[in-house]
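What follows is one structure encoded as structure tokens, with my remarks underneath.
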Amino acid sequence: MATTTSSATAAYAAYDRTTSRWGRITMTMGLLLSLAGPAYLLFFSGLDIPLSTVVTAYLAVAAVFAVLAIVEPLTYFPVLGPAAMYQAFMIGNIANKLLPSAIVAQAAIDAKPGTRRSELAAVMAICGAAVVHIFSLLIFVGILGTWLVSIVPASITEVAQLYIFPAIIGAVIVQLAAYVKQPRITIIALAVGAVVQLLLVPVLGPTFRNFATAVVVLLTMVLAWVLRNRKTQHAGPGDEALL
């Protein structure tokens, strides 16, 4: 038994080193490729874009998304783990596709959050979600997209655009709450979200709205830690098993 455990630990350590190394390499390549197009337009296309315009545009985008760049890794990491984090941020659509897939896979095999078992389940789930996504895009967008748009009434399209995203996020929240099984933290998160969205945002205005998500996440983390059940036992060594 001890030999099997040590072999599993060594195998997971090698896996962790490999995914970390290639994860950094692929993320760096993705960053360079994503900047290549704008860099070409800025320096070689002859558009003569002033630097002040570039800085202004960057600050306008950063005002909205810079907070998410900090909040999202903090909130996704406990569920996904290191390897799946590289996958998720390379693929995209984390909240409405990859995170739910990982949660369903972890729940299906009863994997506890933060264990090796849950991390491996998240990796495999994201691989499956990416394959399904690619084939569905190929069929329903690449092949049938124009025909589907032509036969769907405009009224249905408007309703779908208005309600699909909230419906997906709502389902993800319920799914995550059922997966974590921490009623106290769930109630704290819902209460903080309601207070921020219904009270603080209307009072403090549009500027605060840009940071509302970060405020909700940070306050929920702090309150969940302060008000946690201190009698809860920590997971034992057996929970870290790969199988």
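Note that these values count all heavy atoms, side chains included, but never hydrogens, waters or copies made by symmetry.
Separation of atoms OH (Tyr58) and CG (Leu51) is listed at 13.0 Å; rounding is to 0.5 Å. Note that the CZ atom of Phe135 and the CZ atom of Phe140 stand 12.5 Å from one another [nearest 0.5 Å]. Atom OG1 of residue Thr220 and atom CD1 of residue Ile187 lie 12.5 Å apart, to the nearest 0.5 angstrom.
Val226 and Val192 fall within a single hydrophobic cluster, where Ile, Leu, Val, Met, Phe, Trp and Tyr are joined by side-chain heavy atoms under 4.5 Å apart, directly or via other members. Hydrophobic clustering of Ile, Leu, Val, Met, Phe, Trp and Tyr side chains at less than 4.5 Å, counting indirect connections, keeps Leu190 apart from Val201. Taking hydrophobic clusters as Ile, Leu, Val, Met, Phe, Trp and Tyr residues chained together by side-chain heavy-atom distances below 4.5 Å, Ile156 shares a cluster with Leu148. In terms of hydrophobic clustering, with Ile, Leu, Val, Met, Phe, Trp and Tyr side chains grouped at heavy-atom distances under 4.5 Å, Ile143 and Leu137 are assigned to different clusters. Both Leu47 and Phe44 sit in one connected hydrophobic cluster of ILVMFWY residues. Membership requires side-chain heavy atoms under 4.5 Å apart, directly or through other members.
In Met27, the CE atom is crowded: over 12 heavy atoms of neighbouring residues, nucleotides or ligands sit closer than 6.0 Å. The environment of Met124 atom CE is sparse: at most 12 non-hydrogen atoms of other residues, nucleotides or ligands sit within 6.0 angstrom.
For Leu80 against Ala122, the heavy-atom pair with the smallest separation is O-CB, 3.7 Å. Between Gln106 and Ala121, the closest heavy-atom pair is CG-CB, 3.9 Å. Across every non-hydrogen atom of Ile185 and Ala224, the tightest pair is CG1-CB, 4.1 Å. When all heavy atoms are compared, the tightest approach of Met90 to Thr26 is CE-O, 2.9 Å.
Of the possible donor and acceptor atoms, none in the side chain of Thr53 sits under 3.5 Å from a partner among the backbone N and O of Ile49. Here the side chain of Arg184 pairs a donor or acceptor atom with the backbone of Leu227 at under 3.5 angstrom. No donor-acceptor distance shorter than 3.5 angstrom exists from the side chain of Ser20 to the backbone of Arg17, with no hydrogens or angles considered. Counting only distance, with no hydrogens or angles, the side chain of Thr157 and the backbone of Pro153 share a donor-acceptor pair below 3.5 Å. At distances below 3.5 Å, not a single donor-acceptor pair connects side-chain atoms of Glu119 with backbone N or O atoms of Gly81. Using modelled atom types, no side-chain atom of Ser101 and backbone atom of Ala129 make a donor-acceptor pair closer than 3.5 Å.
For the pair Tyr15 and Val123, the minimum side-chain heavy-atom distance is below 4.5 Å. Here the side chains of Ile103 and Val79 are in contact, with some heavy-atom distance below 4.5 Å. When side chains are defined from C-beta on, Tyr76 counts as touching Leu99, because their heavy atoms get closer than 4.5 Å. Two residues are said to be in side-chain contact when any heavy atoms from C-beta on lie closer than 4.5 Å; Cys127 and Gln87 meet this criterion. Contact annotation: the side chain of Arg117 never approaches that of Asp110 to less than 4.5 Å [non-hydrogen atoms, C-beta and beyond]. Under the 4.5 Å side-chain criterion, counting only non-hydrogen atoms from C-beta, Thr19 is not in contact with Met85. Taking 4.5 Å as the limit, every side-chain heavy atom of Lys97 sits out of range of all side-chain heavy atoms of Ile126. Counting heavy atoms from C-beta on, the side chains of Pro82 and Asp16 come closer than 4.5 Å.
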- Task: Start with the C-alpha distance between Leu138 and Ile134, add both sets of side-chain angles, then the distance that settles side-chain contact (heavy atoms from CB on, under 4.5 Å), and finish with yes or no.
- Result: CA-CA 6 Å; Leu138 178 64; Ile134 291 173; 5.5 Å; no
